[in-house]
Amino acid sequence: MRWSQTFIPTLKETPADAEIVSHQLLLRAGLVRKLTGGLYTFLPMGLRVLTKVANIIRQEMDRAGAIEVAMPLLQPVDIWQASGRYEAMRDALYKVKDRAQKEWALCPTAEEVITTLAANELSSYKQFPKNFYQVGTKFRDEIRPRFGLMRAKEFVMKDAYSFDTSDEGAMASYRKMYDAYTRIFARCGLRSFAVEADTGIIGGNHSHEFMIPAETGENDVVYCEACNYAANIEKATSGLPKTAARELGAPVEKFATPGVVTIEALSKEPYKVPANRQIKTLVYIADSKPVLILIRGDDQLNEAKFMAKSGAVEARPADVKNAADLALAFTALGALPGSLGAVHQVPSDWKVYADERLRGANDMTTGANEDGFHLRNVSLERDIRVTEWCDLRTVTAGEPCPKCAQTLKIRRAIEVGHVFKLGTKYSEKLNATFLDEKGQRAPVVMGCYGIGVTRTLQAIIEQGHDKDGILWPVSVAPYQICLTPLVVAPDSAPMKLAEQLYAELTSAGLEVILDDRDDRPGVKFKDSELVGFPLRIGLGEKSIAKGEVEFKPRGGELQPVKIEDAVATIIAWVKAEQAKLAI
RNA sequence: CGGGACGUGGCUCAGCCUGGUAGAGCGCUUGGUUUGGGACCAAGAUGUCGCAGGUUCAAAUCCUGUCGUCCCGACCA
């Protein structure tokens with residue numbers, strides 16, 4: 001390709017509406033342009049990278065035994081209602097109406113569609129296992145699109161769905177995808193790691209996310225360097241001991257705490273109740289019903305854990321400024337936040353979730369459900385009707401690893417892939433069953449596996465850049481080689497040699513862009529570094545006169561190479577770079 | 001949805017506080033000089049100052065509303 005014939009609108013200055021470096025470089029290198037918030041046009045260089053990432057994914061999916069299909073982007077809403085996710089997805093699901101006012105959904109993911117296919121087409125155990133995948137556009141009505149392609153309204157995703165006849169089979173399918181993902185990200189030049197993950201609205205009971213470490217990521221990952229334990233903060237646990245039990249027997253005692261409405265205030269003079277001897281009482285509205293959540297005063301609630309444990313589709317803190325909440329929750333309890341507790345006056349139909357760390361604790365202090373009063377000598381077991389004990393707290397850095405007791409750390413990361421073992425959630429609801437060897441009907445056991453292709457592209461930039469621009473791994477670079485003649489007159493020595501090298505390298509199967517623009521060298525060098533071609537070959541009259549070309553790996557040192565050795569040297573370099581990314 | 005910031009030429013921004021009819025750099029066009037790290041000189045083109053109201057003799061500037069963008073939070077496979 002000739003630079004002058006394609007379209008690479010580079011920007012010298014950083015666009016004002018791009019905050020993180022990968023987003024800035026996407027725009028500056030001319031890979032994409034924004035149409036509006038969360039919607040981007042892929043320009044030639046961006047599209048080439050996207051296609052390459054997608055093809056690496058295809059190769060590894062195929063290698064793992066998955067088979068490619070293409071499902072409709074427009075989906076009937078009745079299958080979403082059947083799976084129960086029409087409500088669960090809520091506003092994240094784009095809905096459109098046809099001329100008959102019938103409602104349709106724009107594909108955010110395709111469990112319903114593929115399960116419908118399986119229900120219709122897979123009926124005998126002999127047809128299993130199967131793993132269908134597709135690479136295509138997905139739509140989600142994100143509350144807040146951000147960071148360019150990282151969280152967009154429309155994005156490219158690879159989604160795969162496995163169908164097995166047994167739990168063991170499903171685990172094997174899961175493992176194959178897990179291994180394929182590891183290879184995919186390695187081939188994209190990414191340093192990735194897998195973490196235990198919450199399953200959220202997708203459902204299922206076993207899940208890993210593939211993460212790219214990056215300060216700009218939207219996920220907090222808890223990890224242990226000693227034993228390789230790693231989990232999303234939404235899922236992570238730690239080996240902290242339970243709250244120490246003290247002497248039993250003292251009766252609950254009410255005491256006045258005028259104006260004290262925070263854990264911190266109660267921990268100070270004159271009360272001096274340490275936060276770790278307080279019970280934090282939170283009121284949530286979960287699927288329109290109030291519930292109490294109890295955690296220790298020095299802990300933070302992990303809402304994802306609560307959502308998972310309670311099975312609620314929607315949950316939020318009760319809001320004193322909301323009249324309905326006020327009546328439903330706070331009036332019923334008899335107090336406002338700051339004086340809440342679970343000892344007295346909790347309506348008998350309310351669920352009370354308590355964090356495991358409080359189990360067995362006594363000598364605790366909590367709100368009295370009377371404004372301006374607290375209770376001391378509270379025993380969780382004796383004085384509070386806990387309906388469910390569960391892990392609800394958020395892990396913090398420095399706590400002991402749940403597996404090996406060494407110190408846990410926390411870092412930010414970008415989620416690029418997610419694998420789920422789904423079980424029979426969808427197959428049961430959408431009636432995907434099969435007959436086994438004995439003629440018994442059973443629901444298919446499913447898994448689903450996603451990779452954010454556009455997000456992965458941006459993650460590659462986020463992980464691979466320097467002050468001059470992008471550092472593409474050779475496997476995904478828009479072109480592997482940029483030929484840069486410093487004089488472009490057709491009969492000049494640099495241009496003639498460039499044409500010759502272009503022909504030879506292209507016929508050798510390499511991807512080459514020839515910068516034939518009549519621009520000053522500085523402009524061409526800067527642009528090639530900004531766009532990030534892995535290897536630049538500089539062709540100037542001076543070096544050609546010495547029988548040399550300039551060999552400049554992106555991010556490396558320039559070295560002269562004899563003209564007669566140039567093609568072989570370049571091919572060898574590209575092969576070596578490819579070998580580094582092979583798995 | 002809550003909090004914050006910002007909307008001025010294709011891009012980055014100044015001008016707004018203190019109202020007087022719009023600027024710079026980059027980019028673009030033409031001509032010339034240049035030619036190894038985002039050149040220089042000259043001449044040009046490009047703006048209903050996001051939109052709608054209001055105040056005023058007069059609004060980019062002040063007020064109200066609205067739309068959009070970005071950031072934080074909430075939310076989010």
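Lettering follows sequence order; numbering is per chain, from 1.
- Screening A:K467, A:R536, A:K524 for a side chain to side chain donor-acceptor pair (under 3.5 Å) involving A:E529 leaves a single residue, A:R536.
- Nearest nucleotide to the side chain of A:R146, out of B:C13, B:C75, B:G36: B:C75.
- The phosphate of B:C72 (OP1 or OP2) has a side-chain N or O of A:R144 nearer than 4.0 angstrom.
- Checked by atom type, the side-chain pair A:Y161/A:D159 shows a donor-acceptor distance below 3.5 Å.
- In the model, A:R517 has no side-chain atom that pairs as donor or acceptor with a side-chain atom of A:S4 under 3.5 Å.
- Residue-level contact check: A:G37 touches the backbone only, with heavy atoms under 4.0 Å from sugar-phosphate atoms and none from bases.
- Each of B:C72, B:C70, B:U12 was ranked by its minimum atom distance to the side chain of A:P15; first place goes to B:U12.
- The separation between A:K34 atom NZ and B:G7 atom P is 15 Å, rounded to whole Å.
- Nucleotides B:A52 and B:G44 are separated by 32 Å at their P atoms, to the nearest Å.
- For the pair A:T182/A:I184, no side-chain contact is recorded, criterion being any heavy-atom separation below 4.5 Å from C-beta on.
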Which protein N or O atoms sit under 3.5 Å from an N or O of nucleotides 38-41 of chain B?
{"from": "B:G38", "atom 1": "O2'", "to": "A:K12", "atom 2": "NZ", "distance (Å)": "2.6"}
{"from": "B:G38", "atom 1": "O6", "to": "A:R28", "atom 2": "NH2", "distance (Å)": "3.4"}
{"from": "B:G38", "atom 1": "N1", "to": "A:D527", "atom 2": "OD1", "distance (Å)": "3.1"}
{"from": "B:G38", "atom 1": "N2", "to": "A:D527", "atom 2": "OD1", "distance (Å)": "2.8"}
{"from": "B:G38", "atom 1": "N2", "to": "A:D527", "atom 2": "OD2", "distance (Å)": "3.3"}
{"from": "B:A39", "atom 1": "OP2", "to": "A:R520", "atom 2": "NE", "distance (Å)": "3.4"}
{"from": "B:A39", "atom 1": "O4'", "to": "A:R520", "atom 2": "NE", "distance (Å)": "3.4"}

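- For B:G73 and B:C11, the C1' atoms lie 31 Å apart once the distance is rounded to whole Å.
- Scanning atom types as modelled, no donor and acceptor separated by under 3.5 angstrom connect the side chain of A:E541 and the base of B:G36.
- Between A:T36 and the phosphate of B:U69, there is a side-chain N or O to OP1/OP2 separation shorter than 4.0 Å.
- Side-chain contact, A:S543 with A:E548: no donor N or O sits under 3.5 Å from an acceptor N or O.
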